[in-house]
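For the single chain, residues carry numbers from 1 onward in sequence order. Quick note: numbers below take in every heavy atom, side chains included, and nothing from hydrogens, waters or symmetry partners.
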Amino acid sequence: MDYALYAVSAVVAALLAVSVGRVARRRLGFVTKVESESMAPTLAPGRRLPARRPRVSRPVRRGDIVVVRSAELDRVVVKRVIGLPGEHVDVSADEVRVDGRPLSEPYVVRRGGRSGSFDVPDGHLFLLGDNRARSSDSRSWRQPCLPISALLGTVLLRPRRPVATPADRGSRPVGSGRAG
C-alpha cells in the first residue's frame with residue numbers, strides 16, 4: 001500500500017469536510033447558546049440551539065425566536081420577535097399591545113420590567129425576552145429596534161407552549177431579501 005497516496009487522500013478528505021462545514025454554517029445554519037435567563041422558561045440558560053440562516057422563503061414572523069447581533073451590547077442575543085416594521089408596540093406591566101390589539105403571550109410566565117410605547121421603523125424589529133422581569137431587551141436598549149440586517153438566524157425550536165400571535169398571525173412576514 002502506498003502510504004503517500006493514503007496521506008494525500010486523508011488530507012484532501014479533511015479539507016473537503018472543513019470546506020463543506022464552513023459553507024453549511026454560512027448558508028444553512030449554526031448552533032447558538034442561550035447565555036441568560038431572559039428567555040426562561042421557554043429556553044434555559046446554557047441551552048444550545050440550532051438556528052437557520054435568514055431566507056426569502058421563510059421570512060421572520062411575530063413570535064419567532066431569533067438570534068441577533070446587537071451592536072449596542074456587542075454580543076449575540078436570543079429574543080422573541082414582537083414588533084414588525086411599521087407597527088406600534090405598547091408594553092405595560094400587564095400586557096403587550098401591537099397596533100392597539102392585545103398580544104396573546106402564553107409563554108410569558110413572569111411579567112415585569114420596563115413599560116413604554118415604541119414605533120418600529122421600516123427595516124427593524126422589536127424584540128422581547130419571555131422572562132420579562134429578567135430580560136434586557138428592546139425596552140431597555142438605547143436603540144430599541146434592531147435592524148433586520150442584525151438578524152443572524154431563527155431558532156429551530158418547537159416550543160412546548162403555543163406561540164403568541166395576534167389575530168392576524170402570518171399576515172406580516174418580514175424581509176424580502178437575505179439579511180446579513
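- For the pair Arg47/Lys33, no side-chain contact is recorded, criterion being any heavy-atom separation below 4.5 Å from C-beta on.
- With Glu105 as the fixed residue, the salt bridge (charged side-chain N to carboxylate O under 4.0 Å, His left out) test singles out one of Arg132, Arg80, Arg97: Arg132.
- Between Glu87 and Arg62 there is a salt bridge, since at least one side-chain N of the basic residue sits less than 4.0 Å from a carboxylate O of the acidic one.
- Taking CG of Asn131 as the start and OG1 of Thr42 as the end, the distance is 9.0 Å to the nearest 0.5 Å.
- The local environment of CZ in Arg111 is crowded, with over 12 non-hydrogen atoms from other residues, nucleotides or ligands closer than 6.0 Å.
- Summarising the geometry, atom CD1 belonging to Ile82 is positioned 8.0 Å from atom CG belonging to Leu127; distances are rounded to the nearest 0.5 Å.
- Taking CZ from Phe118 and CG from Asp90, the interatomic distance works out to 9.0 Å, rounded to the nearest 0.5 Å.
- Looking at Leu125 and Ile148, their side chains come closer than 4.5 Å, going by heavy atoms from C-beta outward.
- Of the possible polar contacts, none joining the Asp130 side chain to the Tyr107 backbone as a donor-acceptor pair under 3.5 Å is found.
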* To do: Tell me, with the steps shown, if Val31 and Leu49 meet side-chain contact (heavy atoms from CB on, under 4.5 Å).
  => CA-CA 5 Å; Val31 175; Leu49 303 164; 6.0 Å; no
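- Applying the side-chain contact (heavy atoms from CB on, under 4.5 Å) criterion to Gln143, with sequence neighbours excluded, gives Glu72.
- Rounded to the nearest 0.5 angstrom, Leu43 CG and Ile65 CD1 are separated by 4.5 Å.
- Residues satisfying the side-chain contact (heavy atoms from CB on, under 4.5 Å) criterion with Pro121, sequence neighbours excluded, are His124, Cys145.
- Between Arg101 and Glu95 there is no salt bridge, since no side-chain N of the basic residue sits under 4.0 Å from a carboxylate O of the acidic one.
- Residues Arg53 and Leu152 meet the side-chain proximity criterion, which asks for heavy atoms closer than 4.5 Å.
- Among residues two or more places apart in sequence or in another chain, the side-chain contact (heavy atoms from CB on, under 4.5 Å) test is passed with Ser140 by Arg114, Ser136.
- Residues Arg75 and Glu35 are not paired through a salt bridge, judged by the lack of any N-O separation under 4.0 Å between the basic side chain and the carboxylate.
- Under the 4.5 Å side-chain criterion, counting only non-hydrogen atoms from C-beta, Val66 is not in contact with Val155.
- Of the possible polar contacts, one joining the Asp64 side chain to the Arg61 backbone as a donor-acceptor pair under 3.5 Å is found.
- Checked by atom type, the side-chain pair Lys79/Ser138 shows no donor-acceptor distance below 3.5 Å.
- Distance CZ/Phe126 to CG/Asp119: 10.5 Å, rounded to 0.5 Å.
- In this structure, OG1 in Thr32 is found 9.0 Å from CZ in Arg48, a value given to the nearest 0.5 Å.
- Checking side-chain atoms of Asp137 against main-chain N and O of Gly129 turns up a donor-acceptor pair under 3.5 Å.
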